[in-house]
> 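Okay, here's the structure, questions in a sec.
Since the structure is predicted, the reported quantities are computational estimates derived from the model, not experimental observations. Values below: all heavy atoms of this structure, side chains included; hydrogens, waters and symmetry mates excluded.
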Amino acid sequence: MFEKPNCPVIAIEEHYWDPELAKHFTGTEAGRGNETEERLYDFGALRIKEMDEAGIDIQVLSHGAPSAQKLPIEIAADVTRRVNDRLAKVCAANPKRFAAFAALPTADPKAAADELERAVTQLGFKGAMLHGMTNGEFLDLKKYWLIYERAEKLDVPIYFHPSLPHPKVTEVYLQDYAKDFPLVVRPGWGYTVETATQAIRLVLSGVFDTHPNLKIILGHLGETLPFLVWRIEASLKRPGQKPMSFRDIFCKNFYVTTSGFFSNPALLCCVMEIGIDHILFAVDWPFVMNPPAAGWMKGIPLSDEDKAKILSGNARRILKM
Ligand code: GRE
Ligand code: ZN
């Protein structure tokens, strides 16, 4: 049993699988191994026990990748509504321990915006989580801005979660090593490339000019972007580029979480670039276990006040908890 910090602990990238949605997963998305899947389908004794063992008070639940992002348009809205309704029941049964991010049927952007509004205003969800490309398209395309417009209006964040890179990217960049190192396609590198690219494209798209109060959350300590912000800013400020400050947008509109990345040097880089008010605690359970995350937080080289912001203060403000 971990010694509890003297503040609540809210973990915000904690996954589950919905049986109906997971049936649509294909190829290497379809299975994650028995022990992980047992946890993904559990909302009871096992999940709560492992939260308690690490002193985690609340999990903000979200579906695992690729969530609803690969559903065909004909069924996307109906399936996703049922997924969110079932998740709302899980939260209602245990409101002191669970909150939720909605899944959105991005194949149908108008339906996705409407479902975000329904999930927030009727189901009490805290925002939404998106997982990579929608059927081969990046989510910065104009047709998806309906979702960001609605998120800004509702004042809820959109969490950009990793998913597998486009199959062509995997084939050209990583296939040679995927057999010996299957996770290089996932958290070892592929996820990072995919998600950082989504985030950079979103900034370049100009969506933050139209929606200056849009909030985007990135996991995994910002998917390398806090480390790169100086270089990206310097490059895009050189002659011949459209005027824009990557740094201003990234540091104002983006938030990062500690999911699956328990490193003091990486955390301090985030503190120095994006600031303590934009860093939130997450584990990435059950792909990562709770005790290493909680144990790391205990010893991070920051003040108790800053630690409390990461562990729950920032989540309470941004997710209105
Ligand atoms: C996955 O979805 O399979 C996954 C994660 C996070 C880390 C590792 C992993 O979502 O395999
Ligand atoms: Zn995750």
Side-chain angles (χ1 to χ4, degrees), residues 10-18 21-22 24-25 29 32 40 58-71 76-77 79-88 90-91 98-107 109 111-120 123-134 138-140 144 147-148 150-152 154-164 186-187 191-192 194-196 198-199 202 214-223 253-260 280-288 314-315 318-321:
I10 304 176
I12 77 159
E13 190 193 311
E14 317 312 320
H15 300 299
Y16 79 101
W17 271 12
D18 177 281
L21 181 51
H24 294 276
F25 293 178
E29 299 285 23
R32 294 292 198 289
L40 285 165
I58 300 176
Q59 282 191 340
V60 181
L61 299 166
S62 50
H63 207 280
S67 191
Q69 270 53 78
K70 303 286 186 284
L71 292 177
V79 172
T80 309
R81 259 194 302 273
R82 290 195 290 272
V83 168
N84 288 328
D85 284 343
R86 284 187 287 266
L87 181 56
V90 168
C91 294
F98 298 134
F101 286 123
L104 299 182
T106 43
D114 291 344
E115 179 60 6
L116 174 62
E117 180 151 356
R118 187 185 78 91
V120 171
L123 306 180
F125 285 14
K126 306 301 177 190
M129 184 177 281
L130 302 179
H131 300 70
M133 295 179 133
T134 286
F138 280 108
L139 295 169
D140 56 279
Y144 298 110
I147 299 167
Y148 309 125
R150 204 70 64 91
E152 185 188 48
L154 295 163
D155 192 28
V156 293
I158 304 286
Y159 201 129
F160 270 49
H161 187 272
S163 193
L164 290 174
R186 293 175 186 265
Y191 282 173
T192 309
E194 158 72 19
T195 316
Q198 289 270 13
L202 197 64
L214 172 63
K215 296 188 178 87
I216 301 292
I217 303 176
L218 298 175
H220 315 102
L221 290 177
E223 311 288 0
N253 296 87
F254 283 70
Y255 297 80
V256 305
T257 80
T258 63
S259 56
L280 296 83
F281 180 66
V283 178
D284 210 356
W285 194 89
F287 301 104
V288 176
N314 291 334
I318 294 149
L319 307 183
K320 302 183 198 116
M321 298 175 71

> How far does CD of E223 sit from OG1 of T192, to the nearest 0.5 angstrom?
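So the gap between those two atoms works out to 5.5 Å.
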
> Do any N or O atoms from the side chain of S259 and from the backbone of H220 form a donor-acceptor pair under 3.5 angstrom?
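Checking the backbone N and O of H220 against the side chain of S259, a donor-acceptor pair under 3.5 Å is found.
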
> Are the side chains of L21 and L71 in contact, using a 4.5 Å heavy-atom criterion?
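Answer yes - side chains close enough.
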
> With side chains defined as the heavy atoms from C-beta onward, is the minimum distance between W285 and L61 less than 4.5 Å?
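No, their side chains stay 4.5 Å or more apart.
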
> Where do T134 and Q69 land on the side-chain hydrogen bond (donor to acceptor under 3.5 Å, both in side chains) test, with the steps shown first?
CA-CA 5 Å; T134 286; Q69 270 53 78; 4.7 Å; no

> Decide yes or no for M321 and I10: does some side-chain heavy atom of the first lie under 4.5 Å from some side-chain heavy atom of the second?
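SC-SC contact between M321 and I10 confirmed.
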
> Is a donor on one side and an acceptor on the other found under 3.5 Å between the side chain of T257 and the backbone of A282?
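Not at all, since once roles are kept as given, no pair shorter than 3.5 Å links the two residues.
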
> Within the structure provided, determine whether R150 and I147 are in side-chain contact (heavy-atom separation under 4.5 Å).
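Result no, sub-4.5 Å side-chain heavy-atom pair not found.
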
> Roughly how far, to the nearest 0.5 Å, is CG of L130 from CG of L116?
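Going from the CG atom of L116 to the CG atom of L130 covers 9.0 Å.
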
> List for me each residue that meets side-chain hydrogen bond (donor to acceptor under 3.5 Å, both in side chains) alongside S67, sequence neighbours excluded, and say none if there are none.
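side-chain hydrogen bond (donor to acceptor under 3.5 Å, both in side chains) list for S67, sorted by chain: empty.
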
> Rounded to the nearest 0.5 Å, how far does CG of L104 lie from OH of Y144?
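Rounded to the nearest 0.5 Å, the OH-CG separation comes to 12.0 Å.
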
> Taking salt bridge (Lys or Arg N to Asp or Glu O under 4.0 Å) as the test, write out the residues that go with E14, two or more places apart.
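None.
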
> With H15, which residues qualify under side-chain hydrogen bond (donor to acceptor under 3.5 Å, both in side chains), at least two apart?
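Counting only residues at least two positions away or on another chain, H15 forms a side-chain hydrogen bond (donor to acceptor under 3.5 Å, both in side chains) with E13, S62, H161, D284.
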
> Give the minimum heavy-atom separation between P105 and T80, together with the two atoms involved.
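Looking at all heavy atoms of both residues, the shortest contact is CB-OG1, 3.6 Å.
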
> Between P109 and A107, what is the shortest heavy-atom contact and its length?
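So the minimum-distance heavy-atom pair works out to CD-O, 3.5 Å.
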
> Could you tell me which non-hydrogen atom of R32 sits nearest to which non-hydrogen atom of A65, and how far apart they are?
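Scanning both residues completely, I find the closest heavy atoms to be NH2-O, 3.0 Å.
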
> Before giving the answer on side-chain contact (heavy atoms from CB on, under 4.5 Å), spell out for L123 and L87 the whole-Å C-alpha distance, their side-chain angles and the decisive distance to 0.1 Å.
CA-CA 9 Å; L123 306 180; L87 181 56; over 6 Å; no

> Where do V79 and H24 come nearest, in terms of heavy atoms and distance?
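Heavy atoms only, the tightest pair is CG2-NE2, 4.3 Å.
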
> Anything under 30° is parallel, anything over 60° is perpendicular, the rest tilted; go ahead and classify F101 against Y159.
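Correct class here is perpendicular.
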
> Could I get the full list of side-chain contact (heavy atoms from CB on, under 4.5 Å) partners for N314, not counting sequence neighbours?
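So N314 forms a side-chain contact (heavy atoms from CB on, under 4.5 Å) with D277, L280, K309, R317, I318.
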
> List the steps, then state whether side-chain contact (heavy atoms from CB on, under 4.5 Å) holds for F160 with H131.
CA-CA 6 Å; F160 270 49; H131 300 70; over 6 Å; no

> Considering only heavy atoms from C-beta outward, does the side chain of N84 approach that of F125 to under 4.5 Å?
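A side-chain contact under 4.5 Å exists here.
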
> Please enumerate all residues that pass salt bridge (Lys or Arg N to Asp or Glu O under 4.0 Å) together with R82, with sequence neighbours excluded.
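For R82, the residues satisfying salt bridge (Lys or Arg N to Asp or Glu O under 4.0 Å) (neighbours in sequence not counted) are E20.
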
> Would you sort out whether R81 and E115 count as a side-chain contact (heavy atoms from CB on, under 4.5 Å), showing the intermediate values?
CA-CA 7 Å; R81 259 194 302 273; E115 179 60 6; 3.1 Å; yes

> Counting C-beta onward and ignoring hydrogens, is there a side-chain heavy-atom pair between I12 and I217 closer than 4.5 Å?
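The answer is yes; the side chains approach within 4.5 Å.
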
> Flag the pair Q198 / L139 as yes when at least one side-chain heavy-atom distance between them is below 4.5 Å, and no otherwise.
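Of all side-chain heavy-atom pairs linking L139 with Q198, at least one is under 4.5 Å.
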
> Applying side-chain contact (heavy atoms from CB on, under 4.5 Å), run through V156 and L319 and close with a yes or a no.
CA-CA 7 Å; V156 293; L319 307 183; over 6 Å; no

> Any side-chain to backbone donor/acceptor pair from H63 onto A22? Under 3.5 Å, distance only.
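No, the answer is negative, given that no donor and acceptor are paired below the 3.5 Å cut-off.
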
> Is there side-chain contact between P286 and L40, with heavy atoms separated by less than 4.5 Å?
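Yes, their side chains come closer than 4.5 Å.
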
> Taking only residues two or more places apart in sequence, or in another chain, which ones meet D155 in a salt bridge (Lys or Arg N to Asp or Glu O under 4.0 Å)?
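Partners of D155 under the salt bridge (Lys or Arg N to Asp or Glu O under 4.0 Å) test: K215, K320.
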
